[in-house]
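Some notes on the structure that comes next.
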Amino acid sequence: MEYFREGIRKIMICVNMIDGIYTMGARKIGIKYNTLALFYALDDGLPHSQKEICEQWLIPKTTINTIVRECAEAGYVVLDPAGQMKEKTIRITEKGREFAGPILNQFYEIERRAMEKTLEGFSHEFVKAVEHFANYLKEEAQKLPLENR
């Protein structure tokens, strides 16, 4: 049990450090962290609803709604009807690509260099292991009624 505690503590520190790096990077560039997260989510070329981004990225609905509204007003994204569903899909515009592309490319480059160095010492299973841990943690957290006592 003590080994798990120590390992999870190290992971928590790393997760917070990674979040901090993206937050500081976004701030340095002059955008909000959640705006960066939205552009990151939309950069895979697939259609995404606000609900889907909230669930996948664990960003509060009100936050993503505000960011989407700001980006729509700036002309960076549009909301398209998604068939019969009430939920609309978010699509990045050409203006959005011109704005977000250089920003994302800076992050992608530092990520590439960091991943290259990481994979020199670890197998490609590293990413799978982190993904599995995050999914298992989410699954277990959903089972418990976490509350302040």
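A quick note: this is a predicted structure, and the numbers were derived from the prediction, not measured.
- Applying the side chain to side chain donor-acceptor pair (under 3.5 Å) test to pairs two or more places apart or on separate chains, those with a residue in residues 71-80 are Asp80-Arg91.
- Val127 and Ile18 are assigned to two separate hydrophobic clusters, defined by single-linkage of ILVMFWY side chains at heavy-atom distances under 4.5 Å.
- Within the model, atoms CD1 of Ile67 and CD of Gln50 stand 10.5 Å from one another, a figure rounded to the nearest 0.5 Å.
- Heavy-atom minimum distance, Pro47 versus Thr89: CB-CG2, 4.1 Å.
- Inter-residue side-chain proximity for Trp57 and Asn34 is flagged as unmet; no heavy-atom pair is nearer than 4.5 Å.
- Between the side chain of Lys95 and the backbone N or O of Ala74 there is at least one donor-acceptor pair closer than 3.5 Å.
- The shortest heavy-atom contact between Pro102 and Arg97 is CD-O, 4.1 Å.
- Leu119 CG to Glu125 CD: the interatomic distance, rounded to the nearest 0.5 Å, is 11.0 Å.
- Annotation: Arg112, atom CZ; neighbour count of heavy atoms from other residues, nucleotides and ligands within 6.0 Å is above 12.
- The hydrophobic cluster containing Leu38 also contains Ile29, counting ILVMFWY residues as joined when their side-chain heavy atoms lie under 4.5 angstrom apart, directly or transitively.
- Nearest heavy-atom pair across Leu46 and His48 is O-CD2, 3.0 Å.
- In this structure, the separation between CD on Glu94 and CD on Glu98 is 5.0 Å, given to the nearest 0.5 Å.
- With side-chain heavy atoms closer than 4.5 Å counting as contact, directly or through intermediates, Ile13 stands alone and belongs to no larger hydrophobic cluster.
- Smallest separation of non-hydrogen atoms from Ile90 and Ser49: CD1-C, 4.1 Å.
- Remark: Phe126 pairs with Met115, Thr118, Phe122, Val130 by the side chain to side chain contact (heavy atoms under 4.5 Å, CB included) rule, at least two apart or across chains.
- A donor-acceptor pair is defined here as one N or O able to donate and one able to accept, closer than 3.5 Å; no such pair exists between the side chain of Asn65 and the backbone of Lys61.
- In this structure, CG on Leu42 lies 10.5 Å from OG1 on Thr93, to the nearest 0.5 angstrom.
- Scanning all heavy atoms of the two residues, the minimum distance from Ile53 to Ile64 falls at CG2-CD1, 3.7 Å.
- Counting only residues at least two apart or in different chains, salt bridge (Lys or Arg N to Asp or Glu O under 4.0 Å) contacts with residues 26-43 comprise Lys32-Glu70.
- Summarising the geometry, atom OH belonging to Tyr33 is positioned 11.5 Å from atom OG1 belonging to Thr63; distances are rounded to the nearest 0.5 Å.
- A salt bridge between Lys143 and Glu140 is present, with a side-chain N of the basic residue lying under 4.0 Å from a carboxylate O of the acidic one.
- Remark: Tyr22 pairs with Phe107 by the ring-ring contact (aromatic ring centres under 6.0 Å, His included) rule, at least two apart or across chains.
- The shortest heavy-atom contact between Cys71 and Phe39 is SG-CZ, 4.0 Å.
- Residue Val77 is grouped with residue Leu79 when hydrophobic side chains (ILVMFWY) are merged at heavy-atom distances under 4.5 angstrom, including chains of intermediate members.
- Residues Phe133 and Ile8 are in side-chain contact: their nearest non-hydrogen atoms beyond the backbone lie under 4.5 Å apart.
- The CG atom of Asn105 sits 12.0 Å away from atom CD1 of Ile110, with the distance rounded to the nearest 0.5 Å.
- Taking Tyr108 as the reference, Tyr40 meet the ring-ring contact (aromatic ring centres under 6.0 Å, His included) condition, with sequence neighbours excluded.
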